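Since the structure is predicted, the reported quantities are computational estimates derived from the model, not experimental observations. FYI, side chains are in, hydrogens and waters are out, and symmetry mates aren't considered; it's all heavy atoms of this structure.
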Amino acid sequence: MISARLIGYGLAAAVSIICAPASEASTIKMTERPDVTQRHFVSKAVESKIAETAPKIADPKLRHMFEVCFPNTLDTTVKYKESDGRPDTFVITGDIDAMWLRDSSAQVWPYLSLASSDEELMNLIAGLINRQAACILIDPYANAFNDGPKGSFWETDYTQHMVKELHERKYELDSLCYPIRLAYQYWKLTGDKSVFDATWQKAMQLAVETMRVQQRKDGLGPYSFYRECERPTDSQINEGWGAPVKPTGMIFSAFRPSDDATQYGFLVPSNMMAVVSLRQLAEIERSVYGNDVFAGECEALADEVDAGIRKYAVVDHPSLGKVYAFEVDGFGNHTFMDDANVPSLLSAPYLGYCTIDDPIYVNTRELVWSDNNPYFFKGKAGEGIGGPHVGFNHPWQMSIIMKGLTSENPEEIRECLKMLRDTDGGTGMMHESFHCDDASKFTRSWFAWANTLFGELILKTAEKHPEILSNPL
């Protein structure tokens with residue numbers, strides 16, 4: 001099914017009938033790309049990569065899905081302009097007309113390797129880096145922003161700084177990490193230092209100061225969040241301050257990347273990402289700004305967080321041995337689970353925190369992709385990791401993609417691609433989640449992050465294991 005909302009946004013009113021794979025009994029209505037005149041941004045490098053990769057995909061449905069999904073962020077979600085002579089890019093998530101720091105970073109991530117050969121694409125990504133710095137300076141505790149002072153449905157939330165520029169003010173540690181990750185990789189792949197101006201550095205100093213405050217060594221800090229709502233996971237307990245934590249060196253996060261409230265405030269996957277991002281920031285500060293003092297502060301904080309993970313978040317599972325807990329509180333409480341959004345425990349090697357063969361990660365991976373994880377769902381249509389955000393029996397395709405991206409086993413990657421192909425609900429696109437027994441029941445018809453991430457998996461497979469794509473699934 002193609003939702004009315006998706007068509008209302010003008011994304012894909014046109015559909016075509018194609019021959020279904022042999023494993024399916026009927027033809028499938030497939031979403032098409034918008035006409036070139038309707039696309040928000042066209043990159044010659046991205047179009048060239050699609051033209052190069054698509055013929056290598058033997059499965060007709062999988063090939064069509066790559067052709068539609070990989071450019072979906074550029075086709076439908078980006079708004080580019082120049083402000084004060086500098087690039088300025090706003091990236092919506094898809095069916096929500098707002099920009100998340102996390103989603104926007106992840107949505108353009110697979111295009112970074114192509115940017116050095118496409119100046120306009122470079123400018124687009126540079127514009128996003130510039131916009132993200134401006135957003136952090138508006139409020140380092142916000143997760144989602146408007147394109148201007150438009151206000152939002154969430155203005156009635158009880159929190160300290162709900163200004164009109166904010167779409168939502170859920171403090172998520174990863175929202176401060178993703179802009180660092182994006183800027184660092186952009187710099188490494190293009191050599192362009194123009195994004196590292198005084199505004200960006202000021203934003204990073206504020207981000208690091210926020211992380212320090214949220215170590216909660218000296219009280220609760222300035223942030224609390226409470227929402228009057230029917231969903232308990234949309235608000236924090238204890239009048240918005242969250243569950244008590246005992247200092248560990250790790251950084252408190254009020255919400256998960258799913259936008260669900262944390263149960264225990266030290267969210268381990270986000271702290272893993274913070275370790276990597278802080279070390280990346282230290283390298284930028286030392287190499288670009290020549291700021292050895294601040295670089296040293298970033299490295300010291302990264303080491304402290306990492307030590308906290310090693311001491312408090314590596315726990316013994318009753319049957320699997322030492323694993324990474326999902327959340328801890330410093331009092332000894334912890335959760336054995338994972339959530340589909342990234343950062344997740346499953347994504348730790350993808351984000352650069354550990355290697356795929358790290359023994360603790362290997363055990364953790366076995367935990368999260370099994371019934372030892374209360375949010376792992378398996379049914380007739382497929383399997384994967386879900387979370388409280390959607391609820392029981394709804395694995396997220398993002399978790400299947402991440403399993404493929406963190407695997408070196410060709411058969412496992414092939415199984416992931418086959419499952420992704422067969423759980424699209426007949427649309428040819430990725431979604432947020434699907435019912436594990438019936439993939440035609442899915443959430444979010446237009447979820448650009450999942451679409452682009454799927455494209456990233458196809459490109460990695462084409463590079464590392466081309467034989468998977470050149471043979472029937």
Side-chain angles (χ1 to χ4, degrees), residues 41-53 66 69-74 77-78 80 86-89 91 101-133 174 176-197 199-201 203-204 207 273 275-290 295 298 342-343 347-353 355-356 401-402 405-406 448-449 451-464:
F41 186 90
V42 177
S43 162
K44 61 182 181 182
V46 170
E47 297 302 323
S48 177
K49 179 58 70 172
I50 294 170
E52 172 193 331
T53 306
F66 169 71
C69 289
F70 180 54
N72 185 247
T73 287
L74 299 182
T77 70
V78 299
Y80 177 79
R86 290 175 59 78
D88 180 11
T89 306
V91 182
L101 295 177
R102 169 184 53 257
D103 292 45
S104 61
S105 300
Q107 284 168 243
V108 303
W109 178 265
Y111 307 136
L112 283 171
S113 62
L114 307 173
S116 61
S117 64
D118 186 338
E119 184 177 356
E120 291 181 347
L121 184 60
M122 274 184 65
N123 287 336
L124 181 87
I125 298 172
L128 178 57
I129 295 169
N130 293 339
R131 173 64 75 105
Q132 289 179 339
D174 68 283
L176 296 175
C177 298
Y178 265 105
I180 299 171
R181 180 178 188 251
L182 177 64
Y184 178 84
Q185 190 74 348
Y186 172 84
W187 168 50
K188 285 295 183 179
L189 291 177
T190 69
D192 180 23
K193 300 178 182 179
S194 66
V195 294
F196 298 131
D197 60 0
T199 299
W200 195 84
Q201 188 177 37
M204 293 304 105
M273 189 177 189
V275 171
V276 176
S277 298
L278 285 164
R279 289 173 179 162
Q280 292 172 337
L281 179 57
E283 184 180 343
I284 294 169
E285 289 292 333
R286 188 169 280 119
S287 299
V288 177
Y289 293 100
C298 294
V342 179
S347 70
Y350 173 79
L351 295 173
Y353 180 74
T355 59
I356 290 175
I401 298 169
M402 190 51 58
L405 285 170
T406 55
W449 179 10
N451 287 326
T452 314
L453 194 68
F454 169 76
E456 183 178 351
L457 175 59
I458 292 289
L459 291 180
K460 183 178 180 181
T461 304
E463 178 184 356
K464 301 291 186 181

Parallel, tilted or perpendicular, as decided by the 30° and 60° cut-offs, for the rings of W187 and F196: perpendicular

From CD1 (I180) to SG (C298), nearest 0.5 Å: 7.5 Å

pair Y178-P343: side-chain heavy atoms closer than 4.5 Å: yes

Stepwise side chain to side chain contact (heavy atoms under 4.5 Å, CB included) test for W449 and D103: CA-CA 6 Å; W449 179 10; D103 292 45; 3.6 Å; yes

Intermediate values then yes/no, side chain to side chain contact (heavy atoms under 4.5 Å, CB included), M273 and V276: CA-CA 5 Å; M273 189 177 189; V276 176; 5.7 Å; no

Whether S48 side chain and K44 backbone form a donor-acceptor pair below 3.5 Å: no

Residue pair Y80, N123: steps toward the side chain to side chain contact (heavy atoms under 4.5 Å, CB included) verdict: CA-CA 9 Å; Y80 177 79; N123 287 336; 3.6 Å; yes

Test salt bridge (charged side-chain N to carboxylate O under 4.0 Å, His left out) applied to K49 and E52, step by step: CA-CA 5 Å; K49 179 58 70 172; E52 172 193 331; 3.5 Å; yes

N130 (side chain) donor-acceptor with P87 (main chain) under 3.5 angstrom: yes

L182, T89, D192, V108 screened by side-chain contact (heavy atoms from CB on, under 4.5 Å) with I129, the one that passes: L182

Closest approach of Y186 to V195 (non-hydrogen atoms, all atoms of both residues): CE2-CG1, 4.0 Å

Contact summary for Y289 and D197, nearest pair of heavy atoms: OH-O, 2.9 Å

Gap separating the CG atom of L176 from the CE atom of M204, nearest 0.5 angstrom: 8.0 Å

Rounded distance (nearest 0.5 Å) linking atom CD1 of I401 with atom OG of S347: 12.5 Å

Minimal non-hydrogen separation, A45 against L114, with atom names: CB-O, 3.7 Å

Close side-chain approach of L453 and L457, heavy atoms under 4.5 Å: no

Side-chain (S104) to main-chain (L101) donor-acceptor, under 3.5 angstrom: yes

Nearest-0.5 Å distance that lies between atom CG in L459 and atom OG1 in T452: 11.0 Å

Nearest heavy-atom neighbours spanning R131 and D88: NE-OD1, 2.8 Å

Cation over ring face, R181 and W109, 6.0 Å, 45°: yes

N/O donor-acceptor pair under 3.5 Å between K193 side chain and V288 backbone: no

Parallel, tilted or perpendicular: ring planes of F66 versus F70, cut at 30 and 60 degrees: parallel

Candidate pair T73 and N451, rule side chain to side chain contact (heavy atoms under 4.5 Å, CB included), full reasoning: CA-CA 8 Å; T73 287; N451 287 326; over 6 Å; no

Pairwise distance CD(E456) to OG(S113) - rounded to 0.5 angstrom: 8.5 Å

Non-hydrogen atoms of T77 and Q107 that approach each other most closely: OG1-NE2, 3.4 Å

Spatial distance of atom CG (L124) from atom CG (D118) [nearest 0.5 Å]: 9.5 Å

Residue pair S116 / L189: nearest heavy atoms and the distance that separates them: CB-O, 3.9 Å

Over 12 non-hydrogen atoms of neighbours within 6.0 angstrom of NZ in K464: no

